[in-house]
Student: 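My questions all concern the structure below.
Each chain gets a letter, A, B and so on, in the order its sequence line appears, and its residues count up from 1. Just so it is clear, the structure is predicted and the values come from calculations on it, not from any experiment.
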Number of protein chains: 2
Amino acid sequence: MEAASKARSTPNGRGRRATRASGDDRERAILETAERLLEERSLSEISVDDLAKGAGISRPTFYFYFPSKDAVVLTIVDRLVADAAGSREEALGTLAQGDPRAGLRRALEDLYGAFRSRRAVALAAAELRPTNSEARDLWSQVMEGWVSDATAVIEAERARGAAPPGQPARDLAIALVQMNERVQYATFAGESPSLEDERVLDVLVDIWLRAIYGTPEPG
Amino acid sequence: MEAASKARSTPNGRGRRATRASGDDRERAILETAERLLEERSLSEISVDDLAKGAGISRPTFYFYFPSKDAVVLTIVDRLVADAAGSREEALGTLAQGDPRAGLRRALEDLYGAFRSRRAVALAAAELRPTNSEARDLWSQVMEGWVSDATAVIEAERARGAAPPGQPARDLAIALVQMNERVQYATFAGESPSLEDERVLDVLVDIWLRAIYGTPEPG
DNA sequence: GGACTGTATCAACACCGTGTCGATTAAGTC
DNA sequence: GACTTAATCGACACGGTGTTGATACAGTCC
């Protein structure tokens, strides 16, 4: 959905107010500085001055390019999300027909990979959510996309008799997608009880399969 | 684990420096003000001055009772966690023998109920985690408790032949416990894709049962 | 009942991060 | 060479945090 990242003619509201001169370099410098610093410390430990210094400008000049520190992060997250959306489209095709286990694994793999390759940004986005409504809205859209995809898959599998009935497909999808988010976040952040990087996919795929195709009754 | 809440003789580091006079009222007033304000707005929108005013004291006096705003929230969360731990102990007994579905539901119900009844505090704790290491450590301990309980249950069920083998019990437990946390948080916060309050337990119990007792292979 | 001790209180201060204003410079047009 | 418009920054105002030092206000203790 709405990328507006390449559309340099249309100012995207988040970035700079309508320009085309050499200041593009500075804008990029700010974004790169932000990504670099986020590898070292958390968002709350980075000030506007740090970003300005890193880009070789003064703090007031920073505000010529971005309205706030949050806006910088949102711009970066926007792009990450757009990239991840690409993987998703692609993976959904694989999932549609053929071996469900392999298809589901491909889909979750792509998603996991997209965020793991830019851990720092993913963690910053999470840190922003509680205090920034724009970040919340953006993430809501992202989650909604995955949930509706997963819902469609579950319903299709039930329709063709491959999966048994159970909880409403959308409810199941919400819980599973939120599980993925949380498990991945914990692993990225290196939380104390968390899955090892190499185990994440095995465990998640297994739970998804059992939740979708398994029967609920214990022996 | 370590409550140190009743132990008024031992100053608990978080609270006030060794006292016993009428200032106890003020300490309680601050805690109550914090809980009250958290019902209205998020932690980041509450200042030390708000807490002081609410308790009828000046901002410097606040620092006589607590070293920071975070310390107030941590004190409250400490108590919530202690309460929740009580429920857990109790629920584990029920789970041990008899109908697994009913037992599991009881356990998850108690946990869900403990946090739902003080939503605002739970949300504040989550907001604190990214910026406060003490909050992270506290929550780590809480998660670890649930994870090791769940691990034990899964291993016991596998040992007695009620549950089939599968992913390592602890890995499964981590993912499931983190799912619960995330799903419950989303519901409390009223996030956009989130489960309705009345659906949460049905969905979570179902996924737990399928993940523990189900077989992974699709038809 | 006056000297002593520890609790409780707050005005004033120093500090830091944010965001804005106004003045200034450096390029392009035409 | 007068006119815009991009780009820059010093100086300011603001709001929040945490500390210091002075002070009032109990209660002992002799």
Student: Would you please confirm or rule out a distance under 4.0 Å between OP1 or OP2 of C:dT9 and any side-chain N or O of B:Ser58?
Tutor: no
Student: Between B:Arg101 and B:Asp206, does at least one N-O distance fall below 4.0 Å, as a salt bridge requires?
Tutor: yes
Student: In whole Å, I'd like the distance from the OH atom of B:Tyr63 to the P atom of C:dT7.
Tutor: 21 Å
Student: Whole Å only: how far is the CG atom of B:Asn132 from the C1' atom of D:dT17?
Tutor: 15 Å
Student: Rounded to whole angstrom units, what separation is found between the CZ atom of B:Phe62 and the C1' atom of D:dT19?
Tutor: 14 Å
Student: Of the nucleotides C:dT18, D:dT17, D:dT8, which has the atom closest to the B:Arg59 side chain?
Tutor: D:dT17
Student: Less than 4.0 angstrom from a charged side-chain N to a carboxylate O is my criterion; do B:Glu39 and B:Arg118 meet it?
Tutor: no
Student: Are any of A:Tyr65's side-chain N or O atoms less than 4.0 Å away from OP1 or OP2 of D:dT8?
Tutor: yes
Student: From the list C:dT9, D:dT20, C:dG19, which nucleotide is the closest neighbour of the side chain of A:Val48?
Tutor: C:dG19
Student: Choose from C:dG19, D:dT8, C:dT7 the nucleotide whose nearest atom is closest to any side-chain atom of B:Phe64.
Tutor: C:dT7
Student: Expressed as a whole number of angstroms, how long is the span from A:Glu27:CD to D:dA6:P?
Tutor: 14 Å
Student: Can you tell whether the side chains of B:Asp25 and B:Arg28 come within less than 4.0 Å, N to carboxylate O?
Tutor: yes
Student: Fit a plane to each ring of A:Tyr112 and A:Phe188, take the angle between them on a 0 to 90° scale, and name the class: parallel (under 30°), tilted (30 to 60°) or perpendicular (over 60°).
Tutor: parallel
Student: Rounded to whole Å, how long is the line connecting atom CG of A:Asp49 with atom P of D:dG10?
Tutor: 11 Å
Student: Could you check whether B:Ser47 gets within reach of a base, just the sugar-phosphate, or nothing at all, counting any heavy atom under 4.0 Å?
Tutor: sugar-phosphate
